[in-house]
Each structure stands twice: as C-alpha cells, then as structure tokens.
Amino acid sequence: MSYCILGPVVPLRGGIAHYTTLLATELEKRAVVNVISFSRLYPRVLFPGKSQVAENGSLRPLTNVDHCLDTMNPLTWRKAAKRIIALKPDMLIVPFWVTYIVPPVLSVISIVRRHLRTKVLFICHNVIPHDVGKLHVLLVKAMLKKGDFAIVHSEVEERLVHELVPSIKVTRHVHPIYDFFSAVGESDRSLQLPEARDNLR
C-alpha cells in the first residue's frame, strides 16, 4: 500500500502541519508514504505571524516531502498533480481545515482523477468555517465530491459531511493525545495536577 499526503507539514507552522507530520511518520512504519506540501500556504496579508515557517520546531521534518505547491500560483497546482500522478499512490490523503485551500486542492485532485484511480481520503479538521457565505459551502461541497472517504473528529462534523455529500463514506475519530506537546505535561507537574493522560483513563 502506498500513500501520498497533500497537505502542510513541518517546518510549516500550525497544528495542522503538526498533525499531518505525525500522521506521515506513523504511516511510514507500515507503508510507502510521500508528501506533497506547500512552498507558500498563505499570502502575507492573511498570515498574522512574522513567518509561516517555525524556526525551532519540536518535530523533525520529514525527508520524503516535495514543497512544490503554492496556493497563489496556479502553475504549481498542475506541477503538484503531475508529481502525484508519477508516484501512483493507492490513496491520496488530503487534510482540510479552511476554504482558502479549496481551489488549489480541488484543481490538483481533478487532474489526478483524470489519470489515476487513486482513492481520495479527506481528513476534515473543520468542514465549514464559521460565519461564511454560500460560496464557501459550494466550494467545500465541490471538493468533497471528489473524495471516496472522509475522517472527521466530532459528531457535528460528521453530520455536516453527510449533509453536503451523502455518498462519501465518513468515519469519526477523536483526536489522540500528542506526546510531543511536552509542555502540557510540564505544566501539569509544576501545578501539581494529575497529567492529562491520567485524567482521560
């Protein structure tokens, strides 16, 4: 089984990049995994921080990553699709969390679908962003229609996916406990509180 992940990974900032990096790391233990990531995720006007790259991240960057996708450059969308087609993965895994990435992601998947029978799995961190208009909903729906499977993290998100695209197969999994967030455990110990892991037993 071979997988290709289309999404942000470290050294890009943010929880989605951390999540996707950990996912790729685990999948590598049992399958061939390649990652198509972003050279630029957001334009500067939409990004509040000084840099989209974390200089001193707590996760080691993956080695099998191609940072060829620029959300603002449609020429790279086709380039990313060609890279995926060349890899011929059994499954394309696409993390989704914000409508802004729908145009490049939808374009890449559409091109790939014309050449491969690769299954598409969406990991939906946030199906419909809050306070958005009908255009956002239509974009998300168009993207999800390209998928075979979806993973969500809550009952509400599961219901939303079913309402948008009844044909897609949806599985609900809660977020796991992330061991690399060592600061959480250190805070618990400094406050003499039971560790979060113990509280969930």
Side-chain angles (χ1 to χ4, degrees), residues 1-12 14-41 57 59-127 139-153 157-158 161 164-165 167-173 175-176 178:
M1 189 77 174
S2 62
Y3 299 94
C4 183
I5 299 176
L6 175 63
V9 292
V10 297
L12 290 174
I16 306 299
H18 287 147
Y19 180 107
T20 308
T21 301
L22 290 169
L23 172 65
T25 301
E26 287 301 313
L27 285 176
E28 282 180 335
K29 297 176 182 178
R30 65 201 75 181
V32 176
V33 181
N34 289 279
V35 180
I36 303 296
S37 190
F38 297 90
S39 58
R40 177 172 53 178
L41 188 51
L59 287 177
R60 185 173 60 185
L62 301 165
T63 57
N64 54 344
V65 183
D66 189 339
H67 296 276
C68 64
L69 185 58
D70 183 337
T71 58
M72 297 183 66
N73 184 353
L75 294 178
T76 68
W77 306 355
R78 180 171 293 276
K79 181 179 180 181
K82 288 183 176 180
R83 297 287 175 84
I84 295 170
I85 292 168
L87 292 168
K88 297 181 180 179
D90 295 304
M91 179 173 287
L92 176 62
I93 300 174
V94 185
F96 172 69
W97 70 101
V98 63
T99 316
Y100 173 77
I101 70 165
V102 171
V105 167
L106 181 57
S107 177
V108 170
I109 296 174
S110 296
I111 296 171
V112 170
R113 284 292 209 183
R114 291 200 293 268
H115 294 83
L116 300 177
R117 294 184 178 181
T118 298
K119 297 295 183 181
V120 176
L121 164 65
F122 289 105
I123 300 180
C124 301
H125 297 278
N126 190 22
V127 179
L139 283 170
V140 173
K141 185 175 182 177
M143 182 190 68
L144 290 177
K145 281 185 175 181
K146 297 291 184 181
D148 300 286
F149 312 99
I151 292 176
V152 298
H153 300 305
E157 299 290 278
E158 181 179 11
V161 173
L164 289 172
V165 184
S167 61
I168 198 169
K169 296 179 182 178
V170 185
T171 301
R172 174 162 38 102
H173 288 287
H175 275 283
Y178 299 103

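Remember, predicted model here, so these are calculated numbers, not experimental data. The figures that follow rest on heavy atoms only: side chains count, while hydrogens, waters and symmetry mates do not.
- Scanning all heavy atoms of the two residues, the minimum distance from V127 to E157 falls at N-OE1, 2.6 Å.
- In this structure the side chain of T71 reaches within 4.5 angstrom of the side chain of P104, judged on heavy atoms.
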Donor-acceptor pairs under 3.5 Å, side chain of residues 145-152 to any protein atom, not counting sequence neighbours: which ones?
from, atom 1, to, atom 2, distance (Å)
D148, OD2, R113, NH2, 2.8
D148, OD2, V120, N, 2.8

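- Using a 4.5 Å heavy-atom cutoff, the side chains of L12 and S37 are in contact.
- H153 meets the ring-ring contact (aromatic ring centres under 6.0 Å, His included) test with Y19, H125, H175; sequence neighbours excluded.
- Looking only at side-chain heavy atoms (C-beta outward), I101 and L41 come within less than 4.5 Å of each other.
- The two residues M91 and L121 come nearest to each other via the heavy atoms SD-CB, 3.8 Å.
- In this structure the side chain of N126 never reaches within 4.5 angstrom of the side chain of V98, judged on heavy atoms.
- Taken to the nearest 0.5 Å, the CD atom of E28 stands 8.5 Å off from the CG atom of N34.
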- Message: side chain to side chain contact (heavy atoms under 4.5 Å, CB included) for L69 and W77? Distances and angles first, verdict last.
- Response: CA-CA 6 Å; L69 185 58; W77 306 355; 3.5 Å; yes

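- A donor-acceptor distance shorter than 3.5 angstrom exists from the side chain of T25 to the backbone of T21, with no hydrogens or angles considered.
- Atom CD1 of residue I84 and atom CG of residue L92 lie 5.0 Å apart, to the nearest 0.5 angstrom.
- Here L6 contributes atom CG and T20 contributes atom OG1; the two are 10.0 Å apart, rounded to the nearest 0.5 Å.
- Within the 4.5 Å cutoff, the side chain of I36 has heavy atoms near those of the C4 side chain.
- The side-chain heavy atoms of L23 and I123, taken from C-beta on, include a pair separated by under 4.5 Å.
- Side-chain contact between V108 and V94 is absent, with no heavy atoms from C-beta onward closer than 4.5 Å.
- Residues F96 and V140 form a side-chain contact, since some pair of their non-hydrogen atoms from C-beta on lies under 4.5 Å apart.
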